[in-house]
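Worksheet: the structure to be examined is printed underneath.
We name chains A, B, ... by the order of the sequence lines, and we start the count at 1 in each one.
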2 protein chains.
Amino acid sequence: MLIRVDPASDVPIFAQVAASVRADAAAGRLRPGDRLPSAREVAGSLEVNLHTVLRAYQELRDEGLVDMRRGRGAVVTDAVAPLAQLHDDVVALTERARALGLSPDTLASLVKETFR
Amino acid sequence: MLIRVDPASDVPIFAQVAASVRADAAAGRLRPGDRLPSAREVAGSLEVNLHTVLRAYQELRDEGLVDMRRGRGAVVTDAVAPLAQLHDDVVALTERARALGLSPDTLASLVKETFR
DNA sequence: ACAACTGTTATAGAAATACTAGAACAGTTC
DNA sequence: GAACTGTTCTAGTATTTCTATAACAGTTGT
């Protein structure tokens with residue numbers, strides 16, 4: 001389980017960590033019952049603070065994507081199913097957007113505003 | 001031309017202003033040649049600072065969506081065409097996401113991470 | 001029982017970002 | 001030339017992000 005982060009991005013690190021997990025869940029690389037690597041482990045390999053990772057995990061918990069308990073860790077829930085169902089559609093849309101020369105930020109912003 | 005902003009949102013105001021314009025362009029409510037309301041006008045009606053609106057406009061200019069010149073204002077360019085082309089797909093995706101119980105932030109984040 | 005692991009909570013501070021404020025400047029339009 | 005536009009400058013405040021350290025409490029495996 002690999003969590004990617006771009007230190008040069010203007011997107012907060014905690015948001016990138018959460019986004020990375022979401023993308024893995026959507027792609028089927030994370031299934032219900034799977035455990036995320038411990039926050040301390042991720043913090044160590046990314047060379048960021050423990051709390052930064054925990055904030056990302058708590059965001060995922062707030063969305064219902066993971067269950068968290070001390071001692072046990074963060075475990076993926078059944079709530080990832082909707083993400084997986086949307087995966088193909090999201091990939092198709094992003095490929096179309098790329099072909100049209102749009103940036104990730106622009107498309108994400110457009111999606112968010114259209115959703116409201 | 002109406003620009004909407006949610007003061008309670010955690011999304012920066014300038015980003016919301018830019019997103020609002022993008023959504024209008026994608027929906028065909030803004031066409032090439034149309035002029036955005038002046039930054040001072042928007043700042044007044046939203047009760048925010050002039051610079052906050054200008055930062056949003058400059059973001060749109062950086063994306064090539066508008067041309068800006070002093071005295072003339074911000075004018076929509078042909079670059080809105082890609083947004084309009086994607087509009088139906090974005091609407092379809094967001095409706096599917098809503099039916100699955102996803103939040104705008106979650107979907108936007110997923111789209112952005114999938115795009116990378 | 002115990003050791004080693006988990007997330008949780010608390011406090012604190014540094015750094016970066018967002019927002020506001022006021023003023024002056026320089027093109028464009030009518 | 002009057003009234004509008006974005007541009008640039010300086011400055012300060014508030015909020016957010018990230019770090020740092022420490023202790024706490026539940027879980028797991030030996």
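Backbone-only engagement by B:Ser38 is indicated by non-hydrogen atom pairs under 4.0 Å involving sugar-phosphate atoms exclusively. If you check every strand for non-hydrogen atoms under 4.0 Å, A:Arg40 touches a base.
The environment of CG in A:Asp62 is crowded: more than 12 heavy-atom neighbours from other residues, nucleotides or ligands sit within 6.0 Å.
The CZ atom of A:Arg69 sits 17 Å away from the P atom of C:dT6 (whole-angstrom rounding). Distance CG (A:Leu50) to C1' (D:dA23): 13 Å, rounded to an integer number of Å. In this structure, the CG atom of B:Asn49 is 12 Å from the C1' atom of D:dG12, given to the nearest Å. Between the CD atom of B:Gln16 and the P atom of C:dA18 there is a distance of 13 Å, given to the nearest Å. We find that CD1 of B:Ile13 is positioned 12 Å from P of D:dT16, with the value rounded to whole Å. Across the protein-nucleic acid pair, A:Arg72 atom CZ and D:dG26 atom C1' stand 9 Å apart, rounded to whole Å. As rounded to whole Å, 7 Å separates atom C1' of C:dT17 from atom CZ of B:Arg55. Atom CZ of B:Arg35 and atom P of C:dT28 are 14 Å apart (whole Å).
Checked against C:dA18, D:dT19, D:dT17, the side chain of A:Phe14 finds its nearest nucleotide in D:dT17. For B:Pro12, the listed nucleotide lying nearest its side chain is C:dA18; candidates were C:dG7, D:dC18, C:dA18.
A:Leu50 is connected to A:Leu46 through a chain of hydrophobic side-chain contacts under 4.5 Å among Ile, Leu, Val, Met, Phe, Trp and Tyr, so both are in one cluster. In the hydrophobic clustering of ILVMFWY residues, with side-chain heavy atoms under 4.5 Å counting as a link, B:Leu100 and A:Val66 come out together.
Between B:Thr52 and C:dT20 there is a side-chain polar atom (N or O) within less than 4.0 angstrom of OP1 or OP2. Distances shorter than 4.0 Å separate none of the side-chain N or O atoms of A:Gln58 from OP1 or OP2 on C:dG7.
The backbone N or O of A:Val90 lies less than 3.5 Å from a partner atom in the side chain of A:Thr94, making a donor-acceptor pair. Remark: side-chain polar atoms of B:Thr77 are paired, donor with acceptor, to backbone N or O of B:Gly64 under 3.5 angstrom.
Both B:Ala39 and B:His51 lie close to DNA chain D; mapped to their nearest nucleotides by heavy-atom distance, the more 5′-ward contact belongs to B:Ala39.
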